[in-house]
Number of protein chains: 2
Amino acid sequence: MRNEVDPSAAIAPQIYRLLRQAIVTLEYLPGQRLSEQEIGARFGVSRQPVREAFIKLSEAGLVRILPQRGTFVVRISMRDVANARFVREAVEVAVATTACSVAPPEALDRLNELIALQREAAANDDQRLFLRYDEAFHRTLAEAVECASAWPFIEDVKAQMDRVRYLSLPAASPMSRLIDQHAEIVRAIAQRDARRAGDAMRLHLREILNSLPRLAAAHPDLFEDDELPAHAREAANATSGRDVAPA
Amino acid sequence: MRNEVDPSAAIAPQIYRLLRQAIVTLEYLPGQRLSEQEIGARFGVSRQPVREAFIKLSEAGLVRILPQRGTFVVRISMRDVANARFVREAVEVAVATTACSVAPPEALDRLNELIALQREAAANDDQRLFLRYDEAFHRTLAEAVECASAWPFIEDVKAQMDRVRYLSLPAASPMSRLIDQHAEIVRAIAQRDARRAGDAMRLHLREILNSLPRLAAAHPDLFEDDELPAHAREAANATSGRDVAPA
DNA sequence: CTCGCTTAACTGGTATGGTAGTATGGTTAT
DNA sequence: ATAACCATACTACCATACCAGTTAAGCGAG
């Protein structure tokens with residue numbers, strides 16, 4: 001997070017991006033206190049833009065602002081992650097099924113391009129790059145159904161999940177598996193099979209539920225002491241039989 | 001919007017609420033300029049909390065901040081309204097179907113209570129009160145599936161649609177029809193019929209598509225000069241045959 | 001040594017001042 | 001008369017100052 005800010009552009013959004021990245025990549029750990037003063041000094045800006053960044057972070061659920069006490073990185077909450085996942089699944093499944101009706105062929109080409117780039121990143125074992133292409137894939141799909149203005153909402157929701165993904169990087173769901181799921185989604189859309197496209201997206205976005213409880217148990221210091229809500233247990237059960245590794 | 005602010009609580013969120021309400025109810029018209037100075041003076045607060053309110057309004061898509069130029073209420077965009085509606089339908093249909101599995105009986109009681117209150121408001125022809133209970137109905141349903149933390153996202157998305165609803169108040173979809181739809185949703189959930197609950201919610205949330213193009217044509221000064229995205233035309237077509245008034 | 005109170009050093013929230021950039025209206029040159 | 005220009009009066013954004021409330025440490029009494 002040593003990037004300098006560009007004083008010719010608006011500062012507050014830059015600070016927000018940098019802090020969000022630092023929190024999501026666990027450079028800032030849960031429980032850590034963030035000081036407006038200190039962050040401002042580090043980047044050579046005043047407290048005001050830092051404060052505005054804090055407000056956005058709190059709306060994304062990454063920090064908790066306690067007036068007159070301090071601003072703290074929140075611990076990862078299985079409940080919040082599951083709820084974010086629920087919203088994201090709802091929206092992106094709708095995007096995938098709608099894409100079957102309205103996505104132009106060029107969009108499918110772009111998606112296949114991104115899948116090829118993902119395979120390349122996987123071949124080089126570059127997980128960071130893979131995550132970038134993964135995000136681009138989902139954003140491109142949203143744009144394909146003319147829902148570009150809906151993507152910012154997904155992006156806000158995603159923050160909760162991204163922190164878990166970075167935490168699971170060393171032993172994440174293998175990239176090849178996720179890429180195959182992407183390919184299946186695009187295939188279903190190309191064949192205009194709405195049900196299959198939705199199911200494929202649903203399965204894809206439920207991957208995180210496989211690792212979440214295990215990660216929470218392995219890192220009790222990083223997690224809030226809460227449980228999965230009922231809808232997440234439902235969702236996990238619905239897919240648990242389908243995606244076990246072959247013996 | 002003559003309410004005074006409570007200086008003992010945080011001011012910025014109060015200003016946001018007041019301005020949002022004023023914009024949604026068309027007290028502030030599209031194109032109108034909002035001045036930090038003037039708003040601050042009116043409520044007896046400084047420019048800073050007003051500025052923070054402006055930022056939130058711009059994230060909700062209700063105003064557009066042009067640096068060094070001014071902040072303006074945006075015209076209603078059919079594209080933005082339709083995209084907001086798309087996201088909301090996706091999330092709330094998922095909420096309704098999930099409710100069939102996990103909603104506790106008490107939640108259904110509360111929903112039926114709210115429906116009764118809506119009927120009462122309709123009997124008194126109190127549209128404002130009806131809209132409040134309508135919002136409470138949807139929020140309560142979200143809480144019933146332990147998605148309370150997902151509601152703020154729906155709320156943000158809803159802002160775009162709310163302005164259209166207030167615009168259509170004089171000749172809106174009759175309240176009784178909307179209430180019947182609410183009742184059907186609760187009945188389907190009570191019978192644990194997920195498909196029917198989802199369909200009922202979908203139909204309910206597509207009501208706005210019936211009036212949107214007509215309103216845009218009737219109020220060209222309030223609307224951006226754009227068109228419905230493809231997914232909205234799809235959605236409108238899918239329901240147009242089902243809900244025509246009986247002959 | 002322990003408990004309770006005072007006080008000083010923080011915090012976030014608000015107010016105010018300064019700066020750079022944009023629209024506008026009046027003025028001047030053509 | 002018209003078009004180009006410049007001064008002025010805005011704007012949003014950032015920096016700085018101030019305030020109220022919380023925390024924690026230090027001191028004194030028991």
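Numbered from 1 within each chain, the chains take letters A, B, ... in sequence-line order.
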Between A:Ile39 (CD1) and C:dT11 (C1'), how many Å, whole number?
14 Å
When rounded to whole Å, the CZ to P distance for the pair A:Phe43 and D:dA15 reads 13 Å
Side-chain N,O (B:Arg69) to OP1/OP2 (D:dT11) below 4.0 Å:
no
Counting only side-chain N and O atoms of B:Arg51, is one of them less than 4.0 Å from OP1 or OP2 of D:dC14?
yes
For the residue pair B:Leu215 and B:Val164, what are the closest heavy atoms and their distance?
CD1-CG1, 3.8 Å
Starting from the C-alpha separation in whole Å, work towards a yes-or-no answer on side-chain contact (heavy atoms from CB on, under 4.5 Å) for A:His219 and A:Ile76.
CA-CA 10 Å; A:His219 302 276; A:Ile76 303 173; over 6 Å; no
By the definition side chain to side chain donor-acceptor pair (under 3.5 Å), identify the one residue from B:Arg139, B:Gln118, B:Arg165 that meets it with B:Asp134.
B:Arg165
Measuring from the side chain of A:Ala10 (C-beta onward, heavy atoms only), which nucleotide among C:dT11, C:dG13, D:dC14 has the closest atom?
D:dC14
Figure out the CD1/C1' separation between B:Ile55 and C:dT14, and round it to whole Å.
15 Å
Taking atom P of D:dC13 as reference, at what distance in whole Å does atom CD1 of A:Ile15 sit?
15 Å
What integer distance in Å separates B:Ile11:CD1 from C:dT16:P?
11 Å
Between B:Glu36 and A:Val45, which residue's closest nucleotide on DNA chain D lies nearer the 5′ terminus?
B:Glu36
Which listed nucleotide (D:dT11, D:dC14, C:dT11) is nearest to the side chain of A:Ser46?
D:dC14
Within the structure shown, what part of the strands sits under 4.0 Å from A:Leu34 by heavy-atom distance: base, sugar-phosphate, or nothing?
sugar-phosphate
At under 4.0 Å, does any side-chain N or O of A:Ser35 touch on OP1 or OP2 of C:dC10?
no
Atom CZ of A:Arg47 and atom P of D:dA17: how far apart are they, to the nearest Å?
12 Å
Residues B:Phe130 and B:Ala121: closest non-hydrogen pair is N-CB, 3.9 Å
Give me the ring orientation class for A:His182 and A:His204: parallel if the planes are under 30° apart, tilted from 30 to 60°, perpendicular past 60°.
perpendicular
Rounded to whole Å, the CD-P distance (A:Glu52 to D:dA12) equals 13 Å
To the nearest Å, how far apart are A:Arg33 CZ and D:dT23 P?
10 Å
With hydrogens left out and only the distance checked, is there a donor-acceptor pair under 3.5 Å joining B:Gln68's side chain and the base of C:dG21?
no
Which comes earlier along DNA chain C counting from the 5' end, the contact point of A:Leu66 or that of A:Gln48, where each point is its nearest nucleotide?
A:Leu66
Does C:dT11 have OP1 or OP2 sitting under 4.0 Å from an N or O in the side chain of A:Thr71?
no
